[in-house]
Amino acid sequence: MTEPFRQSDENQQPGYPPRPAFDPTPAGPAPAGPARPGRRRARGPVALLAAVALAAAAVGGGTAYAVQTLTGGHDGSDGAKNVNGTSVSTGSKGTVAGVASAVSPSIVEIKATGGAGKSTGSGVIITSDGEIVTNNHVISGASEITVQTSDGKTYKARTVGTDSKKDLALIKLEGASGLRAASLGDSDDVRVGQEVVAIGSPEGLTGTVTSGIISALDRDVTVSADPGQGQEQQQQPGGGWPFEFGGEQFNGDTGSSKTTYKALQTDASLNPGNSGGALIDMNGNIVGINSAMYSPSSEQQAGAQQVASGSVGLGFAIPVNTVKADLEELRGGATG
């Protein structure tokens, strides 16, 4: 260890007695005149410590600034730090309320009209100028499509592309701009048991939010692949879109032209009108497009009347990675 108060004999000035090993200067104000060399050296360690403290503070401040810069430049006081490209704030991350607040503006209600009647479904905005992903069965056979956004505005829409084999469709709003696009997640990361939120327009109740978990993965769900069956299917008893699962038909007849896809199963409540809406993880990312739900009718319930029983916690969604892989073909005007 260095000893700043000692001086070697080589530095001793002639005619003066040797300096003591300690500083005999009494407490109190320093005498006037030039400071003694030894006194200046006594301040050296203190100055060094102060410099180190200042440097540490500067590094700490710089680190905090860098962290704030990398995480969006917020200090957290406004509670609006973005997470994974969504507007879910850090204060409400992982809550149903936070997800609903962030994603609801990206979910729309779709009304399709055709020769066979009318149908109602949901859709997900994926671009600010009004590209919307929905189920093919929601808009198939439609001659007119009307879309209502979460703020109550109504737009006309046209079909851009369809893929009946994946039960997907892409429509585009006319004259839309500045819309909030949803963040598309990664359905390969979805795990059984994780919490999810569903948003859609069941029975025309725009912006309805329900929650649950992922019940299973890779369920084989079969729906009609006939491009003209959309409105006809909606008129089936119970009001749900017909589909097949496990070799049985639900909500009516799927017809002779069918397609099967691997679906996410959820117990989040889905009802007629949820088709084409979003299944969302707790960070606000879309992980699936809701496509089918089981609602037992009187034909499956002994002694019941001819009415639907509503959601029983068996819903299915097309994985979002299937959607992302199909987007370029849909944008190119696919009609499959």
Side-chain angles (χ1 to χ4, degrees), residues 107-110 112 119-124 133-140 166-169 187 190 192 195-224 229-255 258-280 286-301 304 306-320 322-323:
I107 311 303
V108 301
E109 179 184 69
I110 299 174
S119 64
T120 301
S122 305
V124 179
V133 170
T134 186
N135 288 141
N136 178 64
H137 70 247
V138 171
I139 56 89
S140 65
K166 296 183 177 70
D167 196 17
L168 291 172
S187 50
V190 172
V192 173
E195 293 180 285
V196 287
V197 174
I199 305 179
S201 300
E203 307 293 355
L205 300 174
T206 306
T208 296
V209 177
T210 58
S211 64
I213 63 169
I214 295 293
S215 304
L217 306 174
D218 298 325
R219 294 296 202 196
D220 288 330
V221 173
T222 300
V223 296
S224 173
Q229 289 294 314
Q231 286 74 33
E232 293 178 7
Q233 290 178 337
Q234 181 68 359
Q235 307 309 313
Q236 298 289 334
W241 302 106
F243 73 99
E244 295 180 21
F245 175 73
E248 296 185 35
Q249 289 191 341
F250 302 99
N251 304 336
D253 186 3
T254 54
K258 306 173 185 178
T259 184
T260 300
Y261 56 83
K262 297 289 185 180
L264 304 174
Q265 181 182 328
T266 180
D267 70 349
S269 180
L270 302 180
N271 288 286
N274 271 113
S275 287
L279 192 66
I280 313 154
I286 311 298
V287 295
I289 300 297
N290 298 321
S291 56
M293 48 79 60
Y294 171 47
S295 178
S297 67
S298 60
E299 294 175 352
Q300 284 108 19
Q301 293 179 323
Q306 289 285 336
V307 293
S309 298
S311 174
V312 293
L314 287 176
F316 303 92
I318 301 167
V320 74
T322 301
V323 178

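Quick note: residue numbers are just sequence positions, from 1.
If you take CD1 on Ile289 and OG on Ser122, they are separated by 10.0 Å, rounding to the nearest 0.5 Å. Between the CD1 atom of Ile110 and the OG1 atom of Thr120 there is a distance of 10.0 Å, given to the nearest 0.5 Å. Here the CG atom belonging to Asn290 is positioned 9.0 Å from the CD1 atom belonging to Ile107, to the nearest 0.5 angstrom. Within the model, atoms CD1 of Ile213 and CG of Asp267 stand 5.0 Å from one another, a figure rounded to the nearest 0.5 Å. In this structure, the separation between CG on Asn271 and CG on Leu205 is 9.0 Å, given to the nearest 0.5 Å. The structure places CD1 of Ile280 at 13.0 Å from CD of Glu195, a figure rounded to the nearest 0.5 Å.
Side-chain contact between Asp167 and Tyr261 is present, with heavy atoms from C-beta onward closer than 4.5 Å. Looking only at side-chain heavy atoms (C-beta outward), Leu279 and Ile286 stay at 4.5 Å or farther from each other. You'll find the side chain of Leu264 stays beyond 4.5 Å of the side chain of Thr266, heavy atoms only. With a 4.5 Å cut-off on side-chain heavy atoms, Val190 and Val320 do not count as touching. Side-chain atoms of Met293 and Leu314, non-hydrogen and from C-beta on, never get closer than 4.5 Å to each other.
Here the shortest heavy-atom pairing between Lys262 and Asp218 reads CD-O, 3.8 Å. In plain terms, the two heavy atoms of Val221 and Ala263 that are nearest each other are CG2-CB, 3.8 Å. Nearest heavy atoms, Ser275 versus His137: OG-NE2, 3.2 Å. Contact detail for Ala268 and Gly212: the closest heavy-atom pair is CB-N, 3.9 Å. The shortest heavy-atom contact between Gly207 and Ser201 is N-OG, 3.9 Å. The heavy-atom pair separating Ala112 from Ile139 by the smallest distance is CB-CA, 4.2 Å.
Not a single donor-acceptor pair under 3.5 Å links the side chain of Thr134 to the backbone N or O of Ala169.
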